[in-house]
S.K.: 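Before I ask anything, here is the structure I am working with.
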Protein chains: 2
Amino acid sequence: MAGDFIPTQPIYLQLVQRICKQIVRGDLSAGEKLPSQRDMAIQVGVNPNTVQRVYTELERITVAETRRGQGTFVTRDEDRLLRLREELMGSYVAAFLGDMREMGFTLEEILRSFKECETLGLSHE
Amino acid sequence: MAGDFIPTQPIYLQLVQRICKQIVRGDLSAGEKLPSQRDMAIQVGVNPNTVQRVYTELERITVAETRRGQGTFVTRDEDRLLRLREELMGSYVAAFLGDMREMGFTLEEILRSFKECETLGLSHE
DNA sequence: ATTAGTGCACTAGAAATATAGTGCACTAAT
DNA sequence: ATTAGTGCACTATATTTCTAGTGCACTAAT
């Protein structure tokens, strides 16, 4: 019932990231309606006010748009979604490589570790 | 003065992670003394109580050990530090690949993105 | 014995996050 | 006009994190 969240980071940010991932993945398409604040709150097991903050944040980063009385929708700007995909990819990769560099790991070690995880279902196409 | 922290995660956890990275990287060696709680607090610009929590956590995960009246030291167990290196590598890689999979990125896309960041100083040795 | 340096325990408060609950304005459908 | 569904604003409270301050016990050096 409660979409599990880690307690060390604000729930609303985790939910923003989760929705962004769903968009990038294609589970949510441009223009698609998001659940109402009340419904989403029930679905993920948080307070409606928290969802309100999530949707406000999604609107701030121009990933969603709100039509009062109708609901909140994924932006219809498909270019924006393509940029979101590039932005997320870039930020996750940069953060990961930064962490690895801070710990002194070499690219060879990283790639070797990738192969150990490979069996767990990362697509190759 | 204040070692910059992101506001969305507890400072004490960020400091734990930072110290673990320094150990894995080799900037801190087995048995080496950490700064006193008071000194570390001044160095990173936080309250001594926060450092107290950091050192307690480092001791809980058996990465540091405390000698009352003397200070807190990196564990002298070098095997433990080797395991720490493997643990951190594994968890960071697993989290990263999990995020990538959630967003539907393929291994090829990841590797391509790596090459774009490669110029920014990741070692190849 | 005294002193300095250390970890540690404790209380209190500030700040941010999350929850709880209510109400209002807007939109669409009837 | 009425109704249902929606976003949005508002107040209040709980929880967690962080800060602030004090004091004590232990260790080593003098």
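The figures that follow rest on heavy atoms only: side chains count, while hydrogens, waters and symmetry mates do not. Chain naming here is simple, since letters A, B, ... match the order of the sequence lines and numbering starts at 1 in each.
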S.K.: Distance check: side-chain N/O of B:Thr66 vs OP1/OP2 of C:dT6, anything under 4.0 Å?
M.R.: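 Checking B:Thr66 against C:dT6: no side-chain N or O falls below 4.0 Å of OP1 or OP2.
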S.K.: Taking CG from B:Leu15 and C1' from D:dT17, how many angstroms apart are they, rounded to a whole number?
M.R.: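 Answer to the nearest Å: 14 Å.
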S.K.: Between B:Thr50 and D:dT19, is there a contact of a side-chain N or O with OP1 or OP2 at under 4.0 Å?
M.R.: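 So the side-chain polar atoms of B:Thr50 do come within 4.0 Å of the phosphate oxygens OP1 or OP2 of D:dT19, strictly under.
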S.K.: Return the 5'-most residue of the pair B:Gln14, A:Thr72 with respect to DNA chain D, ranking by each residue's nearest nucleotide.
M.R.: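 Mapping each residue to its closest nucleotide by heavy atoms, the 5'-most match is A:Thr72.
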S.K.: Indicate, with yes or no, if A:Ile110 and A:Tyr92 share a hydrophobic cluster defined by side-chain heavy-atom contacts under 4.5 Å among Ile, Leu, Val, Met, Phe, Trp and Tyr.
M.R.: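 Result: yes, single cluster for both.
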S.K.: When both hydrogen-bonding distances must be under 3.5 Å and the geometry is Watson-Crick or G-U wobble, what is C:dA28 paired with, if anything?
M.R.: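 C:dA28 is paired, partner D:dT3.
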S.K.: Can you confirm whether more than 12 heavy atoms, excluding those of B:Glu78, are under 6.0 Å from its CD atom?
M.R.: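 Incorrect, the count does not exceed 12.
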S.K.: Just to be sure I understand the geometry, which residues of residues 30-40 of chain B put a non-hydrogen atom under 4.0 Å away from DNA chain C?
M.R.: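 When residues 30-40 of chain B is checked for heavy atoms under 4.0 Å from DNA chain C, the hits, listed by number, are B:Ser36, B:Gln37, B:Arg38.
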S.K.: Would you mind reading off the distance between B:Tyr12 atom OH and C:dA16 atom C1', rounded to a whole angstrom?
M.R.: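 After rounding, the reported distance stands at 15 Å.
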S.K.: If you check every side-chain atom of A:Asn49, which of D:dC8, C:dA20, C:dG7 has the closest atom?
M.R.: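 It is C:dA20.
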S.K.: Indicate the ring-plane relationship of B:Phe114 and A:Phe96, choosing parallel, tilted or perpendicular according to the 30° and 60° boundaries.
M.R.: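 Because their plane-to-plane angle is under 30°, the rings of B:Phe114 and A:Phe96 count as parallel.
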S.K.: Below 3.5 Å, does any donor atom in the side chain of A:Asn47 face an acceptor in the base of C:dG21, or the other way round?
M.R.: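 Under the 3.5 Å cut-off, the side chain and the base do not form any donor-acceptor pair.
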S.K.: Please tell me which of the listed nucleotides, D:dT17, D:dG7, D:dT19, lies nearest to the side chain of B:Arg53?
M.R.: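 Between D:dT17, D:dG7, D:dT19, the one nearest the side chain of B:Arg53 would be D:dT17.
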S.K.: Starting at CD of A:Glu59 and ending at P of D:dT6, how long is that distance when rounded to a whole Å?
M.R.: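 Taking CD of A:Glu59 and P of D:dT6, I get 17 Å after rounding.
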S.K.: Nearest to the A:Gln52 side chain among C:dT19, C:dG7, D:dA9, which nucleotide is it?
M.R.: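 Out of C:dT19, C:dG7, D:dA9, the nucleotide with an atom closest to A:Gln52's side chain is D:dA9.
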S.K.: Counting only heavy atoms not in A:Glu59, do more than 12 sit closer than 6.0 Å to its CD atom?
M.R.: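 Atom CD in A:Glu59 is packed in, count exceeds 12.
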S.K.: Between D:dG7 atom P and A:Glu57 atom CD, what is the distance in whole Å?
M.R.: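 So the CD-P distance, A:Glu57 to D:dG7, works out to 17 Å.
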S.K.: Taking atom P of C:dA28 as reference, at what distance in whole Å does atom CZ of A:Phe73 sit?
M.R.: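 In whole Å, C:dA28 P lies 10 Å from A:Phe73 CZ.
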S.K.: Rounded to whole Å, how long is the line connecting atom CZ of A:Arg68 with atom C1' of D:dG7?
M.R.: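 Result: 6 Å.
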S.K.: With a 3.5 Å cut-off and no angle check, do the side chains of B:Arg80 and B:Thr62 form a donor-acceptor pair?
M.R.: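 Looking only at side-chain atoms, B:Thr62 and B:Arg80 do form a donor-acceptor pair, the distance falling under 3.5 Å.
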S.K.: Nearest-nucleotide wise, let me know which of A:Leu13 and A:Gly69 is further upstream toward the 5' end of DNA chain C.
M.R.: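 Looking at the nearest nucleotide for each, A:Leu13 comes out on the 5' side.
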S.K.: Kindly give the heavy-atom pair with the smallest separation between A:Gly104 and B:Arg25, and that separation in Å.
M.R.: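 Of all heavy-atom pairs spanning A:Gly104 and B:Arg25, the closest is N-NH1, 3.8 Å.
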S.K.: Keeping B:Ser29 on the side-chain end and B:Glu32 on the backbone end, is there a donor-acceptor pair under 3.5 Å?
M.R.: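 No.
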S.K.: Could you state the atom-to-atom distance from CZ of A:Arg67 to C1' of D:dG5 in whole Å?
M.R.: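 These atoms are roughly 15 Å apart.
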S.K.: Would A:Arg60 and A:Glu57 pass as an ion pair if we require N to O under 4.0 Å?
M.R.: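 Yes, A:Arg60 and A:Glu57 are salt-bridged.
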S.K.: Look through every strand shown and name the nucleotide pairing with C:dA15 as Watson-Crick or G-U wobble, where both distances are under 3.5 Å.
M.R.: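 C:dA15 is paired with D:dT16.
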S.K.: If you compare every side-chain N and O of B:Gln70 against the phosphate oxygens of D:dA28 (OP1, OP2), does one of them come in below 4.0 Å?
M.R.: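 For D:dA28, OP1 or OP2 has a side-chain N or O of B:Gln70 closer than 4.0 Å.
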S.K.: So what does B:Thr56 hit on the nucleic acid, given a heavy-atom distance under 4.0 Å: a base, only sugar-phosphate, or nothing?
M.R.: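 No contact.
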S.K.: Taking CD1 from A:Ile6 and C1' from D:dT17, how many angstroms apart are they, rounded to a whole number?
M.R.: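 Result: 15 Å.
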